[in-house]
Amino acid sequence: NAGVTQTPKFRVLKTGQSMTLLCAQDMNHEYMYWYRQDPGMGLRLIHYSVGEGTTAKGEVPDGYNVSRLKKQNFLLGLESAAPSQTSVYFCASSYSRLTYNEQFFGPGTRLTVL
Amino acid sequence: GENVEQHPSTLSVQEGDSAVIKCTYSDSASNYFPWYKQELGKGPQLIIDIRSNVGEKKDQRIAVTLNKTAKHFSLHITETQPEDSAVYFCAAVKTSYDKVIFGPGTSLSVIP
């Protein structure tokens with residue numbers, strides 16, 4: 001099993017450009033999450049999904065959109081990138097509710113917006 | 001809003017010594033407290049967790065304690081080794097939600 005994979009690993013964008021980050025998991029997990037990690041701020045939840053076809057806003061959703069068309073994939077989109085979105089993005093998944101199941105993280109995507 | 005404080009932000013210890021990281025949470029409804037270890041260039045990985053009906057949990061060299069009245073919990077690493085060097089995150093979760101509130105992290109360095 002590959003676990004949680006993220007594509008791409010690195011990306012540099014210019015302000016105003018758009019891009020999509022792909023997260024894939026092969027563990028048949030229901031729940032998937034997108035976080036951003038900034039120095040001194042830990043991980044902050046952007047959006048999450050509790051099942052195929054569902055999405056919900058997290059702590060910092062502005063400027064991002066997500067889709068969960070297939071159970072194994074969770075896409076994070078930036079429609080018009082801004083320098084404030086420079087960060088490391090982590091995807092995670094869990095079998096069901098976090099209080100009963102471990103959350104598995106991908107290796108991260110380092111995004112720079114110029 | 002909900003938040004989790006974590007101290008210290010950086011910690012250096014000699015190999016073989018103990019390390020303690022402390023966290024405080026704001027939402028009294030939180031009832032699950034995982035700890036994650038993040039090695040350089042990798043995603044966080046769960047190392048130990050504790051639920052609100054338990055006061056202490058141990059797993060080999062690591063242990064976690066929880067004081068629900070004071071709303072704080074701590075990670076204890078004994079007999080530290082160089083491979084323990086990493087960033088450690090505490091977190092708080094409420095049963096009624098599926099979201100984790102993370103602390104800002106502690107960078108632990110174990111000096112050989």
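As a basis for the values below, the full set of heavy atoms in this structure was taken, side chains included, without hydrogen atoms, waters or symmetry mates. Letters A, B, ... mirror the listed sequences (proteins, then strands); counts begin at 1.
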(message) Between A/L21 and A/F90, is there shared hydrophobic-cluster membership here, with clusters defined by ILVMFWY side-chain heavy atoms closer than 4.5 Å?
(response)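 Not linked; separate clusters.
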
(message) Measuring only between side-chain heavy atoms, which start at C-beta, is A/F105 closer than 4.5 Å to B/Q38?
(response)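 The answer is no, as the side chains (C-beta and beyond) never meet within the 4.5 Å cut-off.
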
(message) I'd like to check B/S28 versus B/K71 (side-chain heavy atoms, cut-off strictly below 4.5 Å). Are they in contact?
(response)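 With C-beta onward as the side chain, the pair touches.
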
Between [X] and chain B, which part of the residue has a heavy atom less than 4.5 Å away: side chain, backbone, both or neither?
X: A/F104; value: neither
X: A/L43; value: both
X: A/V50; value: side chain
X: A/Q103; value: both

(message) Is it the case that over 12 heavy atoms from other parts of the model lie below 6.0 angstrom from the NZ atom of A/K71?
(response)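 Enclosed: over 12 neighbouring heavy atoms sit under 6.0 Å from NZ of A/K71.
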
(request) Evaluate whether atom CD of B/E79 has more than 12 neighbouring non-hydrogen atoms of other residues, nucleotides or ligands under 6.0 angstrom away. (result)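 Count not over threshold, so no.
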
(message) In terms of relative ring orientation, are B/F102 and B/Y36 parallel, tilted or perpendicular, with 30° and 60° separating the classes?
(response)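 Plane angle between 30° and 60°, so tilted.
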
(request) Look at the rings of B/Y25 and B/F33 and say which category their plane angle falls in: under 30° parallel, 30 to 60° tilted, over 60° perpendicular. (result)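 B/Y25 vs B/F33 ring planes: tilted.
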
(message) Applying a heavy-atom distance below 4.5 Å, give me the residues of residues 9-17 of chain B that approach chain A, sorted by number.
(response)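 Checking residues 9-17 of chain B against chain A gives no residue, so none.
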
(request) Return the set of residues passing salt bridge (Lys or Arg N to Asp or Glu O under 4.0 Å) with B/D27 (not counting sequence neighbours), or none when no residue passes. (result)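 By the salt bridge (Lys or Arg N to Asp or Glu O under 4.0 Å) rule, B/D27 matches B/K94.
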
(request) Go through the atoms of B/P34 and report whether side chain, backbone, both or neither lie under 4.5 Å from a heavy atom of chain A. (result)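 Answer is neither: B/P34 stays 4.5 Å or more from chain A.
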
(request) Counting only heavy atoms closer than 4.5 Å, note whether B/V100 contacts chain A via side chain, backbone, both or neither. (result)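 Both parts, backbone and side chain.
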
(message) Using the rule ring-ring contact (aromatic ring centres under 6.0 Å, His included), only one of B/Y88, B/F89, B/F73 pairs with B/W35; which is it?
(response)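 It is B/F73, the one option of B/Y88, B/F89, B/F73 that forms the ring-ring contact (aromatic ring centres under 6.0 Å, His included) with B/W35.
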
